Every structure is written in C-alpha cells, then in structure tokens.
Amino acid sequence: MKLRQVQQYWDRQAHADPMWAILTDPAKAGRRWDADEFFATGIREIGAVMELAAEWGKPVARRSALDFGSGIGRLSQALADHFDQVHGVDISQKMIELARQYNRKGARVEYRCNVVTNLGAFETGSIDMIYSSITLQHVQPRYAARYVEEFLRVLAPGGLLLFQYPSKPIGLGARLARWKAFLSRPRPMYMNGMDREDVIALLERGGVRILNVQQDEQAIPGYHSFCYAVTRD
Ligand SMILES: C[S@@+](CC[C@H](N)C(=O)[O-])C[C@H]1O[C@@H](n2cnc3c(N)ncnc32)[C@H](O)[C@@H]1O
C-alpha cells in the first residue's frame, strides 16, 4: 500500500470512529468511548513507561519527546506532563485535526501531519524521548525499517527510544487470515510485523545500545508483539 492510500485509510477511520480506531475495545465501538476515559488510558500508559525509564536512568534530559503515530493525541497529551515540548506526528490529517481540538497543553504539544518515510522536520540528535505504540504494527516492514532508522537519527545522546512492533505472522493460520483480510471489503485493520532478530540487527547497525526487548500483549492473535527500548550513549 502506498503512503497516500495509508493516509486515506486512517482518515476514513478518523472520520468514522476515531477513538475506537485507536483502542478497539469491542464495548466502545460506535463512538462509545468517553473522551476523559480514553485520554486517561494514555496517562496510565505513559506513567508506567516513565517508571521503567527511571529504572534505566534514561532519557538524561526531558526537553523534548516525539510521539510517532500520535492519533488524536492520547499519548502526546500524557507525555506533556513529563517533557517541555512534545511533537505528535501522524500520517492522517484528520487525526491531526482532532488531536489539535483535544489539545489541553497549549504550545507544549504540537501536531504535525507527515506523509513521507522520513522525519525530515526533526534535526539529527534533537529528541530526548521517542515513543511509538500500536502504530508500526500497521506499517509495512519496508516503511517501518525506514522510520526506525529515522528514530535513531533523531534520538539525542542519552535519549530513550521505545517502540512496539510485532513479529511476522506466526503459522499458516495467521498468514491465511492476512490474505483473507487483504481480499475482503471493506478491508479490516491490517497488521504487519518483522522478525525480532531483524529488528535487533537494524538497531545494531544504527550504533545504538539496546536496553530491553520485552514481549507485550499489544498484538492481535497470530502475532507476537515486542517493545524495544534503545539508548544512544
Ligand atoms: C492504532 S492508532 C494509535 C494512535 C496512538 N499511538 C495511540 O496509541 O493512541 C495508529 C495511528 O498510527 C497512524 N499511522 C499509521 N501509519 C502511519 C505512518 N506511516 N506514519 C505516521 N502515522 C501512521 C494512524 O493514522 C493512527 O493514528
């Protein structure tokens, strides 16, 4: 899928039911997410992440954070409680519009629509913490690898990069389900992944230090999901 098609897909999701497109709790389909409850999930997620970050002693500075695949700002808003400046980046213009409407942190959070495979708007070594959750799993590996290279470029010395990315589909059942999903209309939310060893090799080529690779519960059945934590010494 070309990036413009990816954008159209997420714009449609954002028009139809943005909170449910982000957190697909079946009980919340049909615009049944309460906004406060929805954003509270982001505060809890980032709170847990910052506790882990403190254990690693990273990032060493808290000037800036980048939330890649920010959606309507569930995590960007929470990151603003910990960082001076937060940049939310998303491929969907509609998600970005909604994120701006839900922004309660003023100029400390800025949202940017990005429909290319680079993060050219950000200088090399400029961001203290980069966070990406339940986003790369929707990104084809050829693009995801490029984004990860860009995360490594943009990461400041002493910074912390944390991102979630599933494995390739496990077993024949998951592969068949993937084809079925690809052929059906309307097309359901598509999933992607890359072998953990390939992700680790990509990080090692980038000259960063891997702090942790932790399996988590984020992926749908048929995939293993991992959270990668990386620093630049
Ligand atoms: C499931 S939502 C997660 C949003 C947010 N990370 C959260 O947890 O609240 C996935 C988001 O990734 C965005 N996205 C998908 N492909 C992207 C890409 N190539 N670049 C930037 N954002 C992308 C979508 O527009 C959508 O807002």
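Worth saying up front: this structure is predicted, and the values here are computed from it rather than measured. Hydrogens, waters and symmetry mates play no part in the numbers below; they use all other heavy atoms, side chains included. Note that ligands are numbered from 1 as they come in the structure, with each ligand's atoms numbered from 1 the same way.
- Numbered from 1 in the order shown, with element, the atoms of ligand 1 that lie under 4.0 Å from a heavy atom of Met95 read 27 (O).
- Set against the non-hydrogen atoms of Leu75, the atoms of ligand 1 under 4.0 Å away are 6 (N), 7 (C), 8 (O).
- An N or O contact shorter than 3.5 Å is missing between His138 and ligand 1 by distance.
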Stepwise side chain to side chain donor-acceptor pair (under 3.5 Å) check, Ser133 with Glu45: CA-CA 10 Å; Ser133 179; Glu45 180 170 335; 3.0 Å; yes

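- Here Arg205 does not pair with Glu149 in a salt bridge; the nearest charged N to carboxylate O distance is not below 4.0 Å.
- Electrostatic pairing of Arg63 and Asp84 does not count as a salt bridge here, judged by no charged N lying under 4.0 Å from a carboxylate O.
- Which parts of ligand 1 touch Ser92 is read off a 4.0 Å heavy-atom cut-off, strictly below it: atoms 25 (O).
- Heavy-atom contacts of Tyr147 reach the following atoms of ligand 1: 18 (C), 19 (N), 20 (N) (cutoff under 4.0 Å).
- Near Ile22, meaning under 4.0 Å from any of its heavy atoms, are these atoms of ligand 1: 1 (C), 2 (S), 3 (C), 4 (C), 7 (C), 9 (O).
- In this structure, the separation between CG on Leu66 and OH on Tyr131 is 13.5 Å, given to the nearest 0.5 Å.
- Looking at Ser70 next to ligand 1, no N or O pair under 3.5 Å apart turns up.
- The closest donor-acceptor contact from the side chain of Gln164 to the backbone of Ile134 lies under 3.5 Å.
- Note: an N/O pair closer than 3.5 Å links Ser133 and ligand 1 by distance alone.
- Put simply, CG on Leu160 and CE on Met50 are 7.5 Å apart, with the number rounded to the nearest 0.5 Å.
- One option in Arg74, Gln137, Gln13 has a heavy atom closer to atom 8 (O) of ligand 1 than any other, and that option is Arg74.
- With respect to the salt-bridge test (charged N to carboxylate O, under 4.0 angstrom), the residues Arg74 and Asp67 do not qualify.
- Of the N or O atoms in Asn114, none lie within a sub-3.5 Å distance of an N or O in ligand 1.
- For ligand 1 and Ile134, the ligand atoms under 4.0 Å from any heavy atom of the residue are 1 (C), 2 (S), 3 (C), 8 (O), 10 (C).
- Checked against a 3.5 angstrom limit, the closest N/O atoms of Ile91 and ligand 1 fall inside it.
- No side-chain donor-acceptor contact under 3.5 Å links Gln93 and Asp11.
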